Amino acid sequence: MEWRRGPVIGRGSTATVSLATVVPSGEHIAVKSTELSKSEFLQREQNFLSKMNSPYIIKYGGFSVTEETYNLCMEFAPGGSLFDEIQRHGGRLNEQRIKFYTSQILKGLNYLHMNGLVHCDIKSKNILIGKDGFAKIADLGCAKFVEKFDDNKNFAVSEFCGTPVFMAPEVARREEQGFAADIWAVGCTIIEMATGTNPWPELNDPVSALYRIGFSGEVPETPRWLSGEAKEFLRKCMRKDPNERWTAKELLEHSFVSEVIESHSCFNEEVDMSSPCTVLHQGIWDSTLSPENSTHRVSSLNSFRRKDSEIVWKCRKLELG
Ligand SMILES: Nc1ncnc2c1ncn2[C@@H]1O[C@H](COP(=O)(O)OP(=O)(O)OP(=O)(O)O)[C@@H](O)[C@H]1O
């Protein structure tokens, strides 16, 4: 597959994401790139993404290495991130929309967990809104396979990764980071959808965040305006003891999400997700793809190389801020 790089549509801590056009079909894809020498996390993401196949996980499109740059190609999500979607709706989503997206996030997570993978960095910025208007889990750079698993157990793993304010108490204490930690982060994402902020908006530095989450015994405040059913659902996600937290499979059977109709018609509004819908994306749509534009050839071969020292460094960086 050949593609031409267009404008930048997103920047994360480890990579830059560009819109790109496939040659000659003209199809749009997203390409996440970073310097080859710093691409361990991106290669790790490539390895995981290439093994996944679910409508609730962003689709893999191959990788390439050009001029010392590592490129990961994937499905372009014209709706941007769930964080963007919250901003588009004035800083909070109504309960109908929260249910809609929560149901899809849980389906994606259930798929990952059934395949033995913990995402480790669920938050609204890592959930993308696809062409179909559905939420898709993205950014698998922190993900990891658990060493062994069955339906009911949590797992101790040796590496810790993620964003401090979305970490579960057991992760903040560096005890374990298993499937249940992703469920806690779903709770945090519901709070983001309901309030427009992370669950601990008053905590600015990672060290105090980890200390408070891990050792204070506090649980984030439940948004008051949510229905009783939504609050009860949130409490199942945010049990302090990971063994008592509900699994993705169990939560999908909870009345809060079990009846969700997967159609935008449930919002009584027309949604056109075939073109970019954030302000940022609209600008891209209006511009011609710029001619920094060398053509790239993508291989779908798997070239995963793992460097634990870098991963540990990233975790240390998180701890020390
Ligand atoms: N497939 C995509 N389609 C559209 N936009 C995307 C896509 N992938 C990423 N983006 C945009 O780019 C941003 C950064 O991407 P991503 O979170 O994957 O980078 P990162 O470097 O891994 O970030 P982090 O800081 O979480 O480590 C996203 O928040 C989103 O706005």
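Predicted model only: the values in this text are computed from it and were never measured. Numbering of ligands and ligand atoms starts at 1, following listing order.
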Undergrad: Has Glu68 got more than 12 heavy atoms of other residues, nucleotides or ligands less than 6.0 Å from its CD?
TA: no
Undergrad: Would you check whether Ala77 has a nitrogen or oxygen atom less than 3.5 angstrom from a nitrogen or oxygen atom of ligand 1?
TA: yes
Undergrad: Applying a 4.0 Å heavy-atom criterion (strictly less than), which segment of Asn126 is in contact with ligand 1: side chain, backbone, both, or neither?
TA: side chain
Undergrad: So, is the end of the Arg92 side chain (NZ or CZ) under 6.0 Å from the ring centre of Trp225 and within 45° of the ring's axis?
TA: yes
Undergrad: To the nearest 0.5 angstrom, please state how far the SG atom of Cys73 sits from the CD1 atom of Ile29.
TA: 4.0 Å
Undergrad: In this structure, does ligand 1 have an atom that sits under 4.0 Å from one of the heavy atoms of Ala138?
TA: no
Undergrad: Between Ser81 and ligand 1, does any nitrogen or oxygen pair lie at a separation below 3.5 Å?
TA: no
Undergrad: At less than 4.0 angstrom from any non-hydrogen atom of Ala30, what atoms of ligand 1 do you find?
TA: 1 (N), 2 (C), 3 (N)
Undergrad: Would you check whether Gly80 has a nitrogen or oxygen atom less than 3.5 angstrom from a nitrogen or oxygen atom of ligand 1?
TA: no
Undergrad: Which of the atoms of ligand 1 are close to Phe76, meaning less than 4.0 Å from one of its heavy atoms?
TA: 3 (N), 4 (C)
Undergrad: Just say parallel, tilted or perpendicular for the rings of His254 and Phe256, cut-offs at 30° and 60°.
TA: perpendicular
Undergrad: Which residue from Lys32, Glu45, Met74 reaches closest to atom 18 (O) of ligand 1 through any of its heavy atoms?
TA: Lys32
Undergrad: Give the atom numbers and elements of ligand 1 that come within less than 4.0 Å of a heavy atom of Thr14.
TA: 20 (P), 21 (O), 22 (O)
Undergrad: Could you work out the complete set of other residues in the hydrophobic cluster of Tyr56, with links drawn between I, L, V, M, F, W and Y side chains under 4.5 Å apart?
TA: none
Undergrad: Could you list which atoms of ligand 1 come closer than 4.0 Å to a heavy atom of Ile9?
TA: 4 (C), 5 (N)
Undergrad: Would you kindly say whether Thr197 and Glu192 are connected by a side-chain donor-acceptor distance under 3.5 Å?
TA: no
Undergrad: Hey, is ligand 1 close enough to Arg11 that some N/O pair sits below 3.5 Å?
TA: no
Undergrad: By side chain to side chain contact (heavy atoms under 4.5 Å, CB included), which residues pair with Ser33, not counting sequence neighbours?
TA: Arg5, Val31, Thr69, Asn71
Undergrad: Looking at Lys131, Lys32, Lys136, which hits salt bridge (charged side-chain N to carboxylate O under 4.0 Å, His left out) with Glu75?
TA: Lys136
